[in-house]
Asker: 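Please see the structure below; I have some questions.
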Amino acid sequence: MSQLHTDMITSSFQNDINSKESVLDRIPTRITKIGENLDIRRALPTNIRRMVGAWCFLDHAGPVQFSPGEGLHVGPHPHIGLQTFTWLIEGEIIHRDSLGYEQIIRPGQVNLMTAGSGIVHSEDSTKDGQALHTVQLWIALPDSQRHCDPAFIHYPDLPVQTIGGFQATILVGTALGMTAPSQVYTPLVGIDFNATIAAQADVDLNPAFEYAALTLRGTAKIANETLVPGTLLYLGQGRQRLNLQCEEAAQILLLGGEPFNEDIILWWNFVARTQLEIETATHHWNNQTYFLPLPNNPAKRLQAPSLQDFHLKPSR
Ligand code: MN
């Protein structure tokens with residue numbers, strides 16, 4: 001190959017990387033108020049962005065101090081085709097599922113539930129009137145894994161590293177020279193950066209991954225963009241590193257992954273590939289067939305909304 005030819009390839013590759021690197025989308029989250037005080041900000045999916053790698057759902061709940069008699073109570077509901085990933089920052093939640101697991105999750109811990117072919121679970125504050133700050137994510141399972149047996153794993157300890165004044169917890173994948181134990185099925189990364197005072201760090205990224213960041217608390221500067229809770233910053237693909245800064249206490253969630261190359265359909269609590277699969281799962285749940293019951297049923301069972309004539313569109 002001639003030098004000129006190589007240079008052309010290099011330069012077109014560089015342009016490609018640069019054009020991808022210039023991607024910086026500020027995506028507003030949709031806020032739902034639960035009770036009097038709890039704000040839940042949905043960052044994924046939105047009309048603008050459906051996924052970041054296999055991350056296909058992101059709810060940021062709180063921080064909130066519940067009033068006496070108030071708490072989080074999500075009654076029994078099913079999932080298929082995905083993993084639910086709970087990262088707890090403040091408070092205490094008890095998870096119960098149809099495999100028989102009853103697990104309390106505390107700050108700094110992760111609950112990872114693989115729905116696969118189907119599971120039912122509930123999530124409740126361990127006691128009312130406490131504080132809550134949490135993030136719940138879903139991870140779409142690839143076609144080869146999405147019918148797998150359901151599973152549940154609690155991770156009480158995750159790798160922690162300090163970088164430029166941030167305490168970084170590796171939630172998923174490999175970052176900062178450490179690998180999280182979390183069992184996932186596509187190349188993914190998730191890191192929580194927490195600073196109690198001013199901090200600044202340059203974090204190495206995987207240019208093959210796409211990334212997005214969310215400020216969970218305080219005010220942060222990410223790739224020079226000022227970000228407060230309520231906006232997802234989509235960072236695109238092709239970046240080698242990312243600058244994170246804060247002038248006082250702040251917390252940032254950084255997510256990334258290899259772009260998911262399968263079209264998915266996400267409806268209610270299900271991830272599938274066809275409308276028929278969603279209709280079947282909805283029918284099974286609402287008619288109490290197929291899904292196993294939850295033995296210790298603490299709260300009211302949720303009902304799946306009717307699809308009626310709704311036409312679901314695939315997305316990735
Ligand atoms: Mn759930």
Side-chain angles (χ1 to χ4, degrees), residues 16-17 20 23 25 27 42-59 77-86 110 112-119 121 135-153 171-175 180 182-190 205-214 232 234-239 253-285 290-291 304-305 307 310-316:
D16 202 20
I17 292 273
K20 281 175 181 167
V23 171
D25 281 345
I27 303 172
R42 181 150 307 164
L44 290 175
T46 67
N47 291 337
I48 301 166
R49 171 129 308 264
R50 317 298 295 178
M51 301 180 79
V52 175
W55 301 106
C56 63
F57 179 95
L58 167 48
D59 264 3
H77 61 279
H79 288 286
I80 61 164
L82 56 89
Q83 295 178 288
T84 63
F85 188 98
T86 307
V110 160
L112 180 58
M113 184 179 81
T114 303
S117 59
I119 196 164
H121 76 147
V135 180
Q136 184 166 104
L137 296 131
W138 297 354
I139 302 165
L141 287 167
D143 198 44
S144 58
Q145 292 291 334
R146 67 192 185 97
H147 303 292
C148 70
D149 288 341
F152 174 82
I153 307 177
L171 306 175
V172 177
T174 299
S182 322
Q183 169 90 53
V184 296
Y185 298 92
T186 51
L188 278 183
V189 70
L205 302 185
N206 178 346
F209 281 14
E210 57 180 341
Y211 287 88
L214 191 68
L232 180 76
Y234 180 70
L235 296 154
Q237 225 183 324
R239 289 174 187 269
L253 178 68
L254 179 66
L255 300 173
E258 206 171 271
F260 198 74
N261 59 9
E262 298 172 28
D263 289 332
I264 65 165
I265 293 181
L266 191 153
W267 168 262
W268 196 48
N269 290 300
F270 305 133
V271 168
R273 298 296 183 274
T274 67
Q275 174 139 359
L276 181 61
E277 287 174 352
I278 300 279
E279 284 168 355
T280 306
T282 299
H283 179 87
H284 278 316
W285 174 249
Y290 180 72
F291 291 102
L307 277 153
F310 208 77
H311 182 65
L312 300 174
K313 278 183 296 194
S315 65
R316 62 171 73 163

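Every value quoted in this text rests on a predicted model; they were computed, and no experiment measured them.
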Asker: A side-chain contact here means heavy atoms from C-beta on lying under 4.5 Å apart; do V184 and Q83 qualify?
Answerer: yes
Asker: Name all residues meeting the salt bridge (charged side-chain N to carboxylate O under 4.0 Å, His left out) criterion together with E277; count only those two or more places apart in sequence or in a different chain, and write none if there are none.
Answerer: R146
Asker: Any donor-acceptor pair under 3.5 Å linking the side chain of Q145 with the backbone of Y185?
Answerer: no
Asker: Kindly compute the distance separating CE (M113) from CD (Q136), expressed to the nearest 0.5 Å.
Answerer: 7.5 Å
Asker: Hey, does T84 have a side-chain heavy atom less than 4.5 Å from the side chain of H79?
Answerer: yes
Asker: Between the side chain of R42 and the main-chain N/O of L44, is any donor-acceptor distance below 3.5 Å?
Answerer: no
Asker: To the closest 0.5 Å, what do you measure between CG (N269) and CG (L82)?
Answerer: 8.0 Å
Asker: Between D143 and R273, is any pair of side-chain heavy atoms under 4.5 Å apart?
Answerer: yes
Asker: Among F152, W55, F57, which residue satisfies the ring-ring contact (aromatic ring centres under 6.0 Å, His included) criterion with F85?
Answerer: W55
Asker: Can you classify the ring geometry of F270 versus W268 as parallel (below 30°), tilted (30 to 60°) or perpendicular (above 60°)?
Answerer: perpendicular
Asker: Within the structure provided, determine whether L266 and R50 are in side-chain contact (heavy-atom separation under 4.5 Å).
Answerer: no
Asker: With the side chain counted from C-beta on, respond yes when L137 and L255 share a heavy-atom pair under 4.5 Å apart, and no when they do not.
Answerer: yes
